[in-house]
J.: 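Would you mind keeping the following structure in view while I ask a few things?
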Amino acid sequence: MKTFSKSAITFFTASVMAASAFASESTDRVQSAKGSVEALGVTLENMGANVDTNVDLNGAYTADQKAAVYKAKHAELQSQFNTLHAQSAE
């Protein structure tokens, strides 16, 4: 019985640690994507553009879904940046 208890506790501890590491990685991805949107928004504002960096996370329940929403917003802002940059190069 002692061996079973030690094994169960070891398994439980390993599971908690793995879940914690996964949650941290997911949170980091969302924060990185969010920071990328904010940084590009500031760059666009400095170029004189009207920028909307608001992201609607309604319906995005997982970290991957949230990161995807931020990445889509980043792509939208990147397109705006490319257009402004091309215009200023003319």
J.: Are Leu44 and Gln80 packed together at the side-chain level, in the sense that at least one heavy-atom pair is separated by less than 4.5 angstrom?
T.: yes
J.: Could you report the tightest heavy-atom contact between Ala63 and Val30, atom names first, then the distance?
T.: O-CG2, 3.3 Å
J.: List the steps and the verdict of side-chain contact (heavy atoms from CB on, under 4.5 Å) for Val55 and Thr53.
T.: CA-CA 6 Å; Val55 175; Thr53 58; over 6 Å; no
J.: How long is the gap from CD on Gln31 to NZ on Lys66, to the nearest 0.5 Å?
T.: 10.0 Å
J.: Give me the atom names and distance for the closest heavy-atom approach of Met47 to His85.
T.: CE-N, 4.0 Å
J.: So, does Gln65 use its side chain to make a donor-acceptor pair with the main chain of Tyr61 at under 3.5 Å?
T.: yes
J.: Which value, rounded to the nearest 0.5 Å, describes the distance between Lys34 atom NZ and His74 atom NE2?
T.: 15.0 Å
J.: So, Ser36 side chain and Ser32 main chain: donor-acceptor pair closer than 3.5 Å or not?
T.: no
J.: Are more than 12 heavy atoms, taken from residues, nucleotides or ligands other than Asn50, located less than 6.0 Å from that residue's CG atom?
T.: no
J.: Hydrophobic clustering (ILVMFWY, side-chain heavy atoms < 4.5 Å, transitive) - are Phe81 and Val42 grouped together?
T.: no
J.: Start with the C-alpha distance between Asp56 and Val69, add both sets of side-chain angles, then the distance that settles side-chain contact (heavy atoms from CB on, under 4.5 Å), and finish with yes or no.
T.: CA-CA 8 Å; Asp56 182 10; Val69 172; 5.9 Å; no
J.: Looking at Thr43 and Ala39, would you say the former's side chain and the latter's main chain have a donor-acceptor pair under 3.5 Å?
T.: yes
J.: Looking at Ala33, is its backbone amide N or carbonyl O close enough to the side chain of Lys73 to form a donor-acceptor pair, meaning the two atoms are under 3.5 Å apart?
T.: no
